[in-house]
Each structure stands twice: as C-alpha cells, then as structure tokens.
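Lettering follows sequence order; numbering is per chain, from 1.
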Number of protein chains: 2
Amino acid sequence: MSTVGKAVSLLELFTLHEPEIGLSDLARRAGLDKATARRLLMALAAHRLIEQEPRSRRYRLGAGLSRLARIRDAHFPFVRLAAPVIRELSLETGETVHLSEFSAGALLTLHVELSAKANRVNVDVGQVLPLHGTASGIAFLAASRLEVVSAYLEKPLQAFTAHTMTGPDTLAKAIAFAAASGYSRSSEGYEEGVHSIGAAILGSDGQPVGTLSIASPLSRVDDAVAGAQGQAAVRAARMISARLTGEA
Amino acid sequence: MSTVGKAVSLLELFTLHEPEIGLSDLARRAGLDKATARRLLMALAAHRLIEQEPRSRRYRLGAGLSRLARIRDAHFPFVRLAAPVIRELSLETGETVHLSEFSAGALLTLHVELSAKANRVNVDVGQVLPLHGTASGIAFLAASRLEVVSAYLEKPLQAFTAHTMTGPDTLAKAIAFAAASGYSRSSEGYEEGVHSIGAAILGSDGQPVGTLSIASPLSRVDDAVAGAQGQAAVRAARMISARLTGEA
DNA sequence: AAACAGCGGTTCAAATAGTGAACCAAATGG
DNA sequence: CCATTTGGTTCACTATTTGAACCGCTGTTT
C-alpha cells in the first residue's frame with residue numbers, strides 16, 4: 001500500500017466510540033511499525049489532520065478535517081439539498097427517514113428525521129450501515145455498476161439478525177426487485193423488529209452517491225403500506241438527485 | 001517534505017472559491033510533478049478523501065472528509081458547545097459575533113451569529129482570517145506561546161487595509177494589550193469601516209484553540225462601548241473554555 | 001521496593017516506495 | 001486546422017520509508 005494510504009488508514013481507525021487512540025495501539029491495528037505510525041502521525045499533525053492530547057499523549061482527529069469538510073460541503077451540499085426532502089418524506093409517511101452517503105464500502109448516515117410517533121425507529125447520525133442487510137444498501141447495489149456489485153458479493157457477508165440476507169442468490173433477487181421497482185425492501189435484515197424501504201440517490205454521472213431509507217416498526221407495515229412507502233421513497237430520491245445535478 | 005505532507009497539501013489547495021481543480025493545475029500549484037500528483041490523488045481517492053468528477057475529470061474533496069469531520073466534531077464539540085454562548089453574546093451586544101478555530105496558521109470561521117440590526121457586519125462561515133490584522137488573531141497570538149508568536153511575526157505580513165498592523169513593534173504593543181486585558185481591539189485592520197473585539201478560547205492544555213470576535217460598524221463604537229464589549233467577550237470566551245475542558 | 005510490562009518516542013542501515021522526464025491520445029481554442 | 005494544453009502512462013533512478021533494537025518513563029504486580 002502507498003504511504004499515503006497507510007496514513008489515511010490511520011485516520012480511519014478513529015470512530016465515534018473510540019475517538020482517541022494511543023500510539024502503540026494505533027500502530028498495532030494499522031499493522032504498522034510504531035516508528036512508522038509515529039512518523040505518519042507527525043506528518044498528519046503538521047497539517048492539523050491529527051492532534052495529540054498533550055496530557056495523555058493520545059491522538060485524535062484534527063481541526064483540519066473540519067475545515068476541509070466544510071469546503072466540500074459548501075460545494076457538494078448533499079445534506080443541505082436533501083434535508084428538506086427527507087423531512088417532508090418523514091412527515092408524509094409518519095416514519096423515521098434517514099439519508100446516507102456511500103463512503104469506503106459502506107453507507108454513512110448523514111442526516112435523520114425522526115418519526116413523531118412514540119413507537120418509532122431511532123437511527124444515529126454517523127452510524128455506518130453495510131450494503132447487504134439494509135434496504136439502503138440493497139437499493140445502492142441495485143443502482144451500482146455490475147462489477148461493483150459482484151466485487152462486493154464475493155466477500156463473506158456478516159449476518160446481523162436471523163433474517164439478514166447473506167446468500168448470493170437471495171441478494172441477487174432482492175437487488176433485481178430494487179432495480180425493477182426503484183426501491184428496495186428489508187424486514188429485520190439489520191435489526192429485529194425494523195422494516196425498511198430504501199431508494200438510491202444518483203449523482204451527476206448517473207452513479208449512486210447515497211440513499212434514503214424509511215424505517216418503520218415491523219408491526220406498522222403490510223404490503224400495501226410498503227408499496228406506498230416505496231413510491232414515496234422513489235419520488236423523494238429522484239427529487240434529491242435532480243437537485244444534486246442542478247436539474248431543479 | 002514527506003509524501004504524506006505532499007498529499008495533504010494537495011487537499012489544501014481546494015478552497016471555498018475553487019472547489020474543483022484539474023490535474024495539471026493541482027500539480028503546478030503544489031510544486032509536484034504531474035505523475036506524482038496523480039499517484040497521490042489516486043491514493044487519496046481510494047479512501048474517498050478525493051473524488052473525481054467523471055465528466056470534467058477535475059478533482060474535488062471527497063465524502064470521507066465529511067465522515068472523519070463528523071467523528072471529530074462528535075468528540076471535540078467546539079462549535080456545539082460554543083454556539084449558545086456566541087448567540088447570547090450577540091444578543092447581549094446587539095452585534096455580529098463569530099467563532100473561529102485555529103488551523104494551519106490561520107483562524108477558520110466556524111460559526112456566526114449575525115446582529116439583528118440593519119447596519120451590521122456580515123461574516124461568512126468558512127472564511128479564513130489571518131492572525132495579524134484581525135482582533136481574533138491578535139487575541140490568539142496573545143494567548144499563544146512566545147515561540148509561536150515570534151515564528152509568525154518573522155514572516156512578511158500582508159496589509160489588507162491602510163490600517164492593517166504589519167510592523168513588529170505595533171503588533172507587539174497590540175499583543176501586550178490583549179495579554180494584559182484579556183481581549184484585543186482592532187479598527188479596520190482587515191476591512192474598512194469594521195471594528196472588532198477579540199478574545200481567545202483555551203483548550204484543556206491551556207493553549208488557545210480558537211477565538212470569538214464581536215464585529216461592529218465603526219460608527220457604533222467608542223472607547224466606552226469597546227471596553228464593555230471587551231469585558232463581555234472575555235466572559236463568553238472563558239465560559240466556552242470552561243465547557244470545553246469539562247469544568248462547567 | 002524490586003521486578004516487570006507496557007507506554008511513547010528515537011535511531012540508522014537496509015530496502016522499498018516515490019519520483020519525474022519523456023511520452024501518448026484526446027480535448028480545447030485561436 | 002494546427003498549436004497548445006489537458007489528463008494520463010511508463011520506467012530507470014534515487015530518495016524516502018521502514019523496523020528491529022534501543023531509550024527513559026509510568027503504572028502495576030509480586
């Protein structure tokens with residue numbers, strides 16, 4: 001791997017649940033020598049992509065990332081353009097709706113509008129969702145190029161519940177359904193008792209950049225409701241795609 | 001410079017005003033060979049820190065940055081903790097107040113609360129402010145270690161208006177005033193007709209992490225007003241510092 | 001209190017990864 | 001339509017990266 005790749009993979013070790021990590025730990029997890037890890041960290045720190053807590057000497061992500069992210073968001077305002085549509089979809093369906101962007105082989109939850117109902121599905125911003133096992137993921141795969149799909153399906157897939165689809169055939173069927181109808185459907189594929197409808201959001205090149213998903217308690221959804229949610233999801237996703245590509 | 005440093009300096013070429021740049025341009029500005037620049041861009045793209053617009057083939061900052069920035073912001077919630085204090089300070093003074101974080105030798109504007117008055121100072125989120133020439137910058141320097149200050153003052157300093165302080169002696173005096181009183185004052189140092197009061201916000205190690213600044217039309221400020229604003233700015237900055245370090 | 005284990009950090013010869021001049025083909029633009 | 005510039009590629013050369021062994025320090029265990 002390139003030196004730059006190694007440096008970035010150090011950054012990717014930090015998560016919401018573990019935002020500060022020590023040198024030895026960092027090196028171990030990245031599969032690097034301590035000396036190498038340190039040199040890379042110093043290079044990153046010189047540009048404020050990494051900061052070191054002076055007391056504990058542990059490392060954390062730096063302010064430069066906030067700065068760069070702001071520049072990007074100003075130019076590619078995925079969340080800003082999508083948020084109103086997501087909100088409206090949530091009001092229309094009465095369910096929790098969330099927006100995800102594809103990043104590094106998975107979907108990253110960027111925005112959530114919670115249902116007003118007492119019995120609702122809760123989703124956290126920042127949560128990372130797998131491509132299989134979530135309605136969002138299936139919708140994303142259905143909109144992706146074939147080579148991307150087959151590359152993803154080759155790897156062994158983790159089962160999150162007893163209902164998670166992990167077999168290539170089952171997944172192919174779900175993807176085919178999503179490709180045909182524009183939306184995907186998943187019952188308890190990622191969490192027990194949760195039903196989801198997903199739809200892909202396309203960028204200016206026609207490739208999917210992310211997804212939106214309507215998440216309901218399973219008890220509230222039958223085939224008729226799912227169909228209606230599917231139509232609404234497709235409409236919302238198309239509207240966001242249009243805004244992204246400057247068509248609206 | 002390290003390879004990683006070169007890669008990051010490529011990222012830093014993107015700005016709010018120029019969010020997409022072509023390969024040759026990028027290489028030229030970074031002082032790198034085209035082949036080198038491309039290899040670095042590819043390494044960054046593999047981790048989604050860079051994206052390439054397929055149509056124009058130009059490069060832009062990638063979604064991975066948004067993801068990493070979110071992780072950082074969740075852990076080091078500078079803006080989240082400071083925003084309410086900034087808002088209150090704006091209401092109290094009736095003027096525009098903005099929050100900046102130090103990054104890569106300058107102050108990055110992260111949050112703004114605009115004055116309700118018709119005649120007000122407008123500041124953009126994302127704007128990069130120099131350390132000299134702004135009240136924020138002077139306050140930041142006054143709270144920094146001496147070696148940081150002298151390193152900064154060694155370089156030639158740009159004048160933004162006829163009133164910008166660029167001489168080492170003038171700046172030293174302004175810094176001494178800020179160090180003694182806790183706040184800094186600047187008249188038209190960065191923009192004509194704008195008066196600013198700045199105060200530094202300190203992190204858990206006692207080093208400044210950023211600043212807040214009250215910006216008023218020059219016509220509305222005399223010495224008495226400036227003094228009152230200074231006291232208010234210091235109080236607000238201390239409150240944010242305390243929240244950051246978990247003392248409140 | 002002594003021995004230990006782990007930490008962050010450093011060194012330098014050996015090895016690997018990075019570099020850039022010269023080269024395309026394709027897209028601009030005068 | 002020709003000149004220029006673009007994004008992209010190649011490969012011999014070389015400078016950067018690498019990691020085992022080494023500090024000194026801190027906190028824990030015996």
Earlier contact from the 5' end, DNA chain C, for S2(A) and R58(A): R58(A)
Nearest-nucleotide comparison on DNA chain C, the residue closer to the 5′ end among V4(A) and R57(A):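 Looking at DNA chain C, the more 5' nearest nucleotide goes with R57(A).
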Candidate nucleotides dT16(D), dG7(D), dG8(C), ranked by approach to the side chain of T3(B) - the nearest: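 Nucleotide nearest to T3(B)'s side chain: dT16(D).
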Donor-acceptor pair (no angle test) under 3.5 Å: K34(A) side chain, dG19(D) base: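 It does not, because no donor-acceptor pair links the side chain of K34(A) to the base of dG19(D) below 3.5 Å.
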Short side-chain N/O contact to dG19(D) OP1/OP2 from T36(A), under 4.0 Å: yes
Y59(A) side-chain N/O to dC7(C) phosphate OP1/OP2 under 4.0 Å: no
Geometric class of the H132(A)/Y152(A) ring pair [parallel <30°, tilted 30-60°, perpendicular >60°]: tilted
Donor + acceptor pair across side chains of D73(B), S66(A) (<3.5 Å):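 A pair is found: one side chain offers a donor N or O, the other an acceptor, under 3.5 Å apart.
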Write down the distance between [atom1] ([X]) and [atom2] ([N]), rounded to a whole number of angstrom.
| X | N | atom1 | atom2 | value |
| --- | --- | --- | --- | --- |
| L32(B) | dG20(C) | CG | C1' | 11 Å |
| R38(A) | dA20(D) | CZ | P | 18 Å |
| M42(B) | dT9(D) | CE | C1' | 11 Å |
| E53(B) | dT6(D) | CD | P | 19 Å |
| R39(B) | dT19(C) | CZ | C1' | 7 Å |
| L41(B) | dT9(D) | CG | C1' | 15 Å |
| K6(A) | dT16(C) | NZ | P | 11 Å |
| D33(A) | dT17(D) | CG | C1' | 11 Å |

CZ/R87(A): more than 12 non-hydrogen atoms of other groups inside 6.0 Å: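 Incorrect, the count does not exceed 12.
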Neighbour count >12 (heavy atoms, 6.0 Å) for atom CD, E191(A): no
Nearest-nucleotide 5' precedence on DNA chain D, A35(B) against L23(B): L23(B)
Sugar-phosphate, base or nothing in reach of R28(A), heavy atoms under 4.0 Å: sugar-phosphate
F14(B)/Y59(B) aromatic ring centres below 6.0 Å: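 No: the rings miss the under 6.0 Å criterion.
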